[in-house]
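Here's the structure, in C-alpha cells; my notes come after.
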Amino acid sequence: MKKLVYFSLMALILLCVSSCKKKTPLQKMEEFTSSLTSADTTQMLKLSNDCMELLKAKKIDNALSMLYEYNDSTKEVTPLTPQARKRYERMFRIFPVVDYELVYYSFQLEGINDVKYKIIFAQEENVAENGEAATALMFNPVKVDGSWYLTVKKAGQKFDELKN
C-alpha cells in the first residue's frame with residue numbers, strides 16, 4: 001500500500017511539473033497585449049503626452065514628479081531617486097523641450113513598452129540643415145496592478161526593434 005501511495009504521489013508530481021512549462025517570450029507578449037484595451041492605450045499616451053507638455057512648458061519639476069523607476073524582477077515602481085531626478089533635471093535644462101513629436105508607441109510586456117518622441121531642443125537657422133536641433137526621448141510606460149506608470153528607458157533596455 002505504501003508503494004502505491006508513493007508511486008501515485010510521484011506520478012502526480014511529474015504530471016504537475018510537465019504541465020507547468022515556462023512560457024516563451026512571444027507567449028508572454030501575446031498574453032500581455034491581448035489583455036490590453038483601448039483605454040490602456042489612451043491612458044498610456046495621455047501620461048506620456050502630459051509629461052511632454054509639462055517639459056515644453058518648462059515645468060520640469062512637475063514633469064519629473066510623473067516619472068518612476070521600475071524594477072523588473074520585483075515588479076515594483078518607485079519614485080525617481082534623488083540622483084536620477086537630478087540627472088533628468090540636468091538633461092532637460094541642457095536640452096529643453098521646445099517642441100516634440102510622437103514617433104511611435106508599442107506594447108510588449110507589463111514592464112517593457114515604448115513611447116518614442118522626437119524632441120526639438122533648439123530652432124535656429126544656423127543649427128542644422130533642417131533648422132532644428134533634435135534628439136529622442138523614449139518612455140517605458142509600465143502597467144503594475146492595473147495602473148500605468150511612466151518610466152524612462154535606460155541605456156541597454158529592451159525596445160521594439162521592429163518599430164525603431
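All of these numbers come straight from a predicted model, not from anything done at the bench.
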Could you tell me whether Lys46 atom NZ has more than 12 heavy atoms of other residues or ligands within 6.0 Å of it?
no
Q. Is the number of heavy atoms from other residues, nucleotides or ligands under 6.0 Å of Asp145 CG greater than 12?
A. no
Which atom of [X] lies closest to which atom of [Y], heavy atoms considered:
X      : Y      : value
Val152 : Leu137 : CG1-CD1, 4.1 Å
Phe139 : Cys51  : CZ-SG, 3.8 Å
Ala122 : Val98  : N-CG2, 4.1 Å
Lys143 : Asp40  : NZ-OD1, 2.9 Å
Val115 : Pro141 : CG2-CG, 3.6 Å
Lys118 : Val103 : N-CG2, 3.5 Å

Just how far is it from atom [atom1] of [X] to atom [atom2] of [Y], taken to the nearest 0.5 Å?
X      : Y      : atom1 : atom2 : result
Met66  : Leu55  : CE    : CG    : 9.0 Å
Met138 : Ser106 : CE    : OG    : 9.0 Å
Met91  : Leu64  : CE    : CG    : 8.5 Å

Can [Y] be reached from [X] by stepping across I, L, V, M, F, W or Y side chains whose heavy atoms are under 4.5 Å apart?
X      : Y      : value
Ile120 : Leu102 : no
Val97  : Leu80  : yes
Leu150 : Met44  : yes

Report task. Please step through side-chain contact (heavy atoms from CB on, under 4.5 Å) for the pair Phe121 and Thr135, ending with a clear verdict. Result -> CA-CA 8 Å; Phe121 60 87; Thr135 188; 4.0 Å; yes
Would you mind checking if Arg93 and Glu89 are paired as a salt bridge, meaning a charged N to carboxylate O distance below 4.0 Å?
yes
A side-chain contact here means heavy atoms from C-beta on lying under 4.5 Å apart; do [X] and [Y] qualify?
X      : Y      : answer
Val142 : Asn140 : yes
Glu69  : Thr151 : no
Arg85  : Ser65  : yes
Met52  : Ile119 : yes

Is the side chain of Asn113 donor-acceptor paired with the backbone N or O of Gln108 at a distance under 3.5 Å, no angle test? yes
Using a 3.5 Å distance criterion without hydrogens, assess whether the side chain of Lys75 forms a donor-acceptor pair with backbone atoms of Asp72.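 Judged by distance alone, yes, a pair lies under 3.5 Å.
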Under the ring-ring contact (aromatic ring centres under 6.0 Å, His included) test against Tyr117, which residue among Tyr105, Tyr100, Tyr104 passes?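 Running ring-ring contact (aromatic ring centres under 6.0 Å, His included) over Tyr105, Tyr100, Tyr104 with Tyr117 returns exactly one hit, Tyr100.
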>> Whether the Ser73 and Asn71 side chains hold a donor-acceptor pair (N or O, under 3.5 Å, no angle test) is what I'd like checked.
In response: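 Side chains of Ser73 and Asn71: pair found under 3.5 Å.
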By side chain to side chain donor-acceptor pair (under 3.5 Å), Glu101 pairs with (sequence neighbours left out) none
Practice task
Kindly say whether the aromatic ring centers of Trp148 and Tyr70 come within a distance under 6.0 Å.
Solution key: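 No, they do not, as the ring centres are separated by 6.0 Å or more.
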